[in-house]
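Written below as structure tokens is the structure these notes are about.
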Amino acid sequence: MGSSAPHDAHFESSDPPQLEQNRASPVFAVPHAAHVSISASLGPFRRLRAMSMPEKPSLDGLEAKWGERWEADGIYRFDRTKTREQIFAIDTPPPTVSGSLHLGSVESYTHTDLIARYRRMRGDEVFYPMGWDDNGLATERRVQNYFGVRCDPSIPYDPGFDISTLERPDDRPVAVGRTNFIELCGRLTVEDEKAFEVLFRRLGLSVDWLQTYTTIGEVSQRASQRAFMRLVGKGLAYTAEAPTMWDVDFRTAVAQAEIEDREIAGTYQRIAFDLEDGDGRIEIETSRPELIPACVALVVNPDDPRYASVVGKVVLTPVFRVPVPVVAHELADPEKGTGAAQVCTFGDVTDVVWWRDLKLPARVIVRRDGTLAAGHFGEPGWESRDPEAANVAMAQLEGKAAKQARKQIVELLRDGGWLVGEPEPVQHMVKFYENGERPLEVISSRQWFVKTLELKDELLERGRQISWHPGFMGARYASWVEGLNQDWALSRQRYSGVPFPVWFPLDDAGEPVYDDPILPEEAALPVDPQNDVPPGYTAGQRGAPGGFVGDPDVMDTWATSSLTPQIAGRWEDDPDLFERVFPMDLRPQAHDIIRTWFFYTVLRAHLEHDSLPWTNAAISGFVLDPDRKKMSKSKGNVVMPTEVFEKHSADAVRYWAASARLGHDAAIDEQQMKVGRRLAIKILNASRFVLSMEAAPGPITQPLDRAMLSTLAGVIDDATVAFDAYEHSKALAAIETFFWGFTDDYLELVKQRAYGAAGPEAAGSAVGALRAALDLLLRSFAPFLPYVTEEVWSWWREGSVHRAAWPASTEASDAAGPDRDPGVYEVAAAVLSAVRKEKALAKVSLKTPVDSVTVHDTQDRLRLLSRASADLREAGSIRAIDQEEADTFSVDTVLAEPDPPPEPATPLEPA
RNA sequence: GGGCGCGUAGCUCAGCGGGAGAGCGCUCGCCUCACACGCGAGAGGUCGCAGGUUCAAUACCUGCCGCGCCCACCA
């Protein structure tokens, strides 16, 4: 599927995990000359101060401290002098600022940041902008609710308008003019955007905050208007009067992508249509009997023998007595209902297909607000055998919404004897606007469309060219494209959004000439046709016969959002930048907007640039409310991001997010955040311990030290491979598992030696290995836990860990030197663990001395063990370790009698 | 109706052809000189069900069952 499609991104996972060696920090090969001299010459207190390492490290305050420093130092600043090959460009999702930011966003934005930080450490110059989606219906609704206003375009602009002094006499929304309304939108979204930025900064997103844009901003308006004009120029965008899905509450057209199915209660009525020749009746079933006055035909399947004899005949509609033909069409399903269906203008999308294919007339009775219009029976196009009765019946329906009209007509049908049997209640699927409350109607209106249907195959191919992470998400895209059934309805009869850069000339009668739209010069963009005057006209000609009128609509919010790569890349406004970032490398997003943001972005890049907008897609799953899965807690406990930041720290929340794989849903899990917090604290404490060792780091000579670093080299390889495959959770798990073993086993094993128990040389090896490992571990954890790693890094390293190189396994293996069998570490840890177990079972303190330990194991492993036996004896307070060859590993431990005299430290055995 | 994903310890999940794992929770123990915001340990699972392939299946194939999501012209 998508993942096997050809691509030429420069960071593919087939790359070996070796890195840009020139970028690796020159750490332990020549071990910190400057630092060593400090250690050697000063006491521990002075040394701590020199390293500015706190006595009692804490997570408190790290977010404020490093958030400021990163911004002040420009750590995440994008360097636009880099070439396209050096740049990794991310098409960041612009969140809808009129919604609230919840943990789902926190999760997926963290996923993006993990990739950004990893790529940056791998040496890429990361282009990581941030956008705010602040146009569209969500903004309008928030402004309406927040200020208690509604938009009335007929009210002229009031420059002195002041919302704070606005009076609401009866607590109802106050009407304000269009421009004032849009100004309120702008005012509120600015506030919302500030709040979002605060939250995102706290989360530690490594975006370059200089690279921000808003979808209602001038750059976005110019880009969307320009792109739209070019589509018009190529004949790919067109205006047409056509039946379109329509929300009767928002009173706007909506596109297929914004439609969702919902199951609602309805009723099927069986209704009889009389054949005009008097030769019987045809029964149909419908859930929308109120549309009978709009019925223009009955349709049956051409192969349905039951109806073969009536095709071509004429029936009279019940109540209204309108003669309509019986026609045949393949889409008529013999299995459904009676096998015959009424065709109305328009009940649903299938009606539109029949209407179009069979070239039927239109009798429209649904108004834009969803109420039924008056009939015109007896007039042309509204023929009836009994127009008087039809109009009387229609008058009873007029002005009623669908539901009420339905009740009414059922009575009329029953009275006239057309109702067959009793209405049958059913649950059925009905189309809704995703933000809507009532079922969509199909209403004919003039809209702008973008051609998409004829591009299906090309768009499917584009989908196959993208590397999807995880791969199966490509199927979502494909099934969406395959299911497209209408061109993209681009216009919205709303106010908040990018206006169409279009005027229409008015003919002598003052009617718009839609076939001859007037477009501005590109240089004049952005324009507002409601305020701006088209070229060649004067302001006084607005609305006058022979003059012009501005297109009153705004574009679908996705018309702008689908251009985020172009907007962030400053397409045409800054061609140099655009060249360096487009097509981008990565689109990160959640799976719910594949049909919208993802699809439209692919479409726009295909149409405008004949290319993909990006080469990789990282698709996050959903975050599930824990309450929804389990028994609901008595409180409606909504977990807010700020709360969990306070409670667990940003690093801890990131840890939770990073634990979730791409493409898989995750539950909100505060336990997991606690684990993350514990990990962060552990990193602080373990680091402080490692860095407070008094012995000078020296050459790494001891077998256990070499084995540990050798093990770490393998871990780094695993993590690197995982990251390259967009499996950040796997990378984290590998690093974390090693780290806990590092603190629990390795630190314990070498602690005494590092203190000098086996002499300065052996101590130097331990301290050298500890510091080498710490350096590598901090860099490995840096993408996940940016705050705590930066804090520790600052204690002893120059610069930011987030500008350091991602660790290379060769750094660890080179530091380990030759003769670095990781088995030494593994066996020593296993024996230490077995001894601890004995002590735990005996319920004695871990410092309880052990008289003797007998290790049974294979010859090879025993040989490895003996190379670490001195460390093992120190760590477990073991007097003697005996070995016995055996097939399977086991340990016999003889604990010392209580109160034994302390043993002197044993000299280190030769390796 | 079609497609995708998931069903492994109480919970969240990893493993995906040869020993059933982690963390949390639970139980027991330890003030061990980095960390009690800590440390050590233990109990706990017929790896959804049924077939098949294989010397060997939790893992591969087929079919069921259950959960979730996506898509569908749902009269």
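Every value quoted in this text rests on a predicted model; they were computed, and no experiment measured them. Chain letters run A, B, ... following the sequence lines, proteins first and then strands; every chain starts at 1.
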Carboxylate-amine/guanidinium contact [X] [Y], below 4.0 Å:
X: A:Asp651; Y: A:Arg677; result: no
X: A:Glu55; Y: A:Arg688; result: yes
X: A:Glu434; Y: A:Arg262; result: no
X: A:Glu290; Y: A:Arg288; result: yes

[atom1] spacing across the pair [N] / [M], given as an integer number of angstrom:
N: B:rG7; M: B:rC16; atom1: C1'; answer: 14 Å
N: B:rC55; M: B:rC60; atom1: C1'; answer: 16 Å
N: B:rA20; M: B:rU46; atom1: C1'; answer: 12 Å
N: B:rA22; M: B:rG44; atom1: C1'; answer: 14 Å
N: B:rG10; M: B:rG45; atom1: C1'; answer: 11 Å

Crowding at NZ, A:Lys403 (>12 non-hydrogen neighbours, <6.0 Å):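 For A:Lys403, atom NZ is not crowded (no more than 12 foreign heavy atoms under 6.0 Å).
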
Between B:rA34 (P) and A:Glu791 (CD): distance, integer Å: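 Value for this atom pair: 20 Å.
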
Look at [X] and [N] and indicate whether a side-chain polar atom (N or O) is within less than 4.0 Å of OP1 or OP2.
X: A:Lys682; N: B:rC39; value: yes
X: A:Lys730; N: B:rA14; value: no
X: A:Lys837; N: B:rG42; value: yes
X: A:Tyr755; N: B:rA34; value: yes
X: A:Lys647; N: B:rC37; value: no

How do A:Gln671 and A:Ile681 order along RNA chain B: which one's closest nucleotide is nearer the 5' end?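 Final value for this comparison: A:Gln671.
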
Ranges pairing with ranges for RNA chain B, where each run has three or more Watson-Crick or G-U pairs under 3.5 Å: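 Stems for RNA chain B, defined as runs of 3 or more consecutive pairs: B:1-7 with B:65-71, B:10-13 with B:21-24, B:26-30 with B:38-42, B:48-52 with B:60-64.
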
Nearest listed nucleotide, side chain of A:Ser845, among B:rA34, B:rC24, B:rU32: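 Between B:rA34, B:rC24, B:rU32, the one nearest the side chain of A:Ser845 would be B:rU32.
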
When all nucleic acid strands are considered with a 4.0 Å heavy-atom cut-off, which category describes A:Ser833: base, sugar-phosphate, or nothing?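 Result for A:Ser833 = sugar-phosphate.
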
Tell me what A:Ala686 touches on the nucleic acid: a base, only sugar-phosphate, or nothing, going by heavy atoms under 4.0 Å.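 Base contact.
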
Looking at [X] and [Y], would you say the former's side chain and the latter's main chain have a donor-acceptor pair under 3.5 Å?
X: A:Thr244; Y: A:Ala242; result: yes
X: A:Thr338; Y: A:Glu283; result: yes
X: A:Gln589; Y: A:Ile593; result: yes

Summarise protein proximity over nucleotides 70-75 of chain B in one line of letters, 5' to 3': B for base, S for sugar-phosphate only, - for none, counting protein heavy atoms closer than 4.0 Å. SSBBBB

With a distance cut-off below 6.0 Å to the six-membered ring centre and an angular limit of 45° from the axis, does A:Arg861 pair with A:Phe889 as a cation-pi contact?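 Yes; both conditions hold, so A:Arg861 lies above the ring face of A:Phe889.
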
